[in-house]
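From a predicted model like this one, the values you see are computed outputs, not experimental measurements.
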Amino acid sequence: MTATISYDDVEVGTELPAQTFPVTRDTLVRYAGASGDFNPIHWNETFAKEVGLPDVIAHGMFTMAEAIRVVTDWAGDPGAVVEYGVRFTKPVVVPNDGEGASIEVSAKVAAKLDDHTVRVDLTAMSAGQKVLGMSRALVRLA
């Protein structure tokens, strides 16, 4: 598989389609089962508050994975992402209110590099706060 987006069709400043990802307590339990990360800050409200958090928080790696979906959906091939990194800046707080939280992700091409690669900068927000910093991906395009 290769990316479906052509390097020649992309310019610096090209915006990728933004997406919003819902996060509920059920989502966190499912992710914990799949990842093996059963830290109680991700499912036990009492424990999370006892350690100084406002409520249960989403797993950082889950937040990171949701954000990169904007890039993989745009590129048309998850294998087109050759490098990806973030800094965790704020937690995604997930209340037990039937609605949960959401992660809003936008991205744009920040640089065209050699070998048909581009650097994509991502912005991930939840509850009006930036939850990922320095979120960047290198993507090899067709």
Side-chain angles (χ1 to χ4, degrees), residues 1-7 9-113 115-142:
M1 295 179 70
T2 59
T4 56
I5 301 293
S6 171
Y7 178 83
D9 292 338
V10 174
E11 300 296 331
V12 171
T14 298
E15 293 187 16
L16 284 60
Q19 294 187 51
T20 299
F21 303 100
V23 187
T24 64
R25 296 281 179 94
D26 181 61
T27 308
L28 300 182
V29 170
R30 291 173 189 270
Y31 182 81
S35 69
D37 181 353
F38 293 100
N39 186 325
I41 64 173
H42 303 303
W43 58 269
N44 184 318
E45 184 174 330
T46 301
F47 183 84
K49 289 181 177 181
E50 284 176 355
V51 298
L53 295 169
D55 207 329
V56 164
I57 63 170
H59 303 73
M61 297 304 284
F62 171 80
T63 303
M64 188 177 175
E66 290 292 82
I68 197 64
R69 288 176 54 190
V70 168
V71 177
T72 59
D73 288 353
W74 170 74
D77 176 12
V81 176
V82 296
E83 187 176 311
Y84 177 45
V86 307
R87 289 189 182 166
F88 300 106
T89 56
K90 297 280 185 184
V92 175
V93 178
V94 184
N96 192 22
D97 61 2
E99 292 183 31
S102 62
I103 304 167
E104 301 90 22
V105 183
S106 60
K108 68 178 177 179
V109 174
K112 290 184 79 167
L113 309 168
D115 297 328
H116 283 235
T117 59
V118 296
R119 189 185 91 216
V120 177
D121 291 352
L122 297 92
T123 301
M125 306 283 292
S126 184
Q129 295 189 17
K130 192 172 183 181
V131 295
L132 299 176
M134 298 296 292
S135 184
R136 296 179 174 170
L138 293 181
V139 184
R140 182 162 288 115
L141 301 178

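- Met64 is listed as a side-chain neighbour of Phe88, based on a closest heavy-atom distance under 4.5 Å.
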Next item on the list: Give the intermediate values and the outcome of side chain to side chain contact (heavy atoms under 4.5 Å, CB included) for residues Asp9 and Thr14.
Entry: CA-CA 10 Å; Asp9 292 338; Thr14 298; over 6 Å; no

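- Counted by atom type alone, Glu45 and Asn96 present zero donor-acceptor pairs between their side chains at under 3.5 Å.
- Scored by the salt bridge (charged side-chain N to carboxylate O under 4.0 Å, His left out) test, Arg136 finds Asp121 as partners (sequence neighbours excluded).
- More than 12 heavy atoms of other residues, nucleotides or ligands sit less than 6.0 Å from atom NZ of Lys112.
- Across every non-hydrogen atom of Met125 and Val131, the tightest pair is N-CG2, 4.2 Å.
- Of all heavy-atom pairs spanning Ala58 and Leu28, the tightest one is CA-CD2, 3.6 Å.
- Going from atom CZ of Arg30 over to atom OG1 of Thr24 covers 8.0 Å, rounded to the nearest 0.5 Å.
- Interatomic distance, OG1 of Thr89 versus CD of Gln129, reported as 8.0 Å (0.5 Å rounding).
- At a threshold of 4.5 Å between non-hydrogen side-chain atoms, the residues Thr63 and Phe21 do not count as touching.
- In this structure, Trp43 CH2 and Ile57 CD1 are separated by 14.0 Å, a value rounded to the nearest 0.5 Å.
- Salt bridge status for Asp55 with Arg25: present, with a side-chain N to carboxylate O gap under 4.0 Å.
- Side chains of Glu104 and Ser106: a donor-acceptor N/O pair is absent below 3.5 angstrom, by distance only.
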Next item on the list: Would you sort out whether Asp77 and Thr72 count as a side chain to side chain contact (heavy atoms under 4.5 Å, CB included), showing the intermediate values?
Entry: CA-CA 6 Å; Asp77 176 12; Thr72 59; over 6 Å; no

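- Between Val118 and Leu113 the shortest side-chain heavy-atom distance does not fall below 4.5 Å.
- Contact detail for Val86 and Leu132: the closest heavy-atom pair is CG2-CD2, 4.0 Å.
- Considering CD of Gln19 and CD1 of Ile103, their distance stands at 11.5 Å, rounded to 0.5 Å.
- Between Asp37 atom CG and Asn39 atom CG the span is 5.5 Å, to the nearest 0.5 Å.
- In plain terms, the two heavy atoms of Pro22 and Thr20 that are nearest each other are CD-O, 3.9 Å.
- Annotation: side chain of Tyr84 is in contact with side chain of Ser135 (closest heavy-atom distance under 4.5 Å).
- The distance from atom CZ of Arg119 to atom NZ of Lys108, rounded to the nearest 0.5 Å, is 9.5 Å.
- Ring geometry for His42 against His59 counts as parallel: the plane angle stays under 30°, on a 0 to 90° scale with 60° as the upper cut.
- Using a 4.5 Å cut-off on side-chain heavy atoms (C-beta onward), Leu122 and Val105 make contact.
- Annotation: side chain of Val82 is not in contact with side chain of Val139 (no heavy-atom distance under 4.5 Å).
- Counting only heavy atoms from C-beta outward, the side chains of Leu141 and Trp74 approach each other to under 4.5 Å.
- Distance alone, capped at 3.5 Å, places no donor-acceptor pair between the His116 side chain and the Tyr7 backbone.
- Proximity of Leu138 to Val81: side-chain heavy atoms (C-beta onward) are nowhere separated by under 4.5 Å.
- Contact detail for Ser102 and Ser126: the closest heavy-atom pair is O-OG, 2.8 Å.
- Here the closest non-hydrogen pair linking Ala107 and Val70 is CB-CG1, 4.1 Å.
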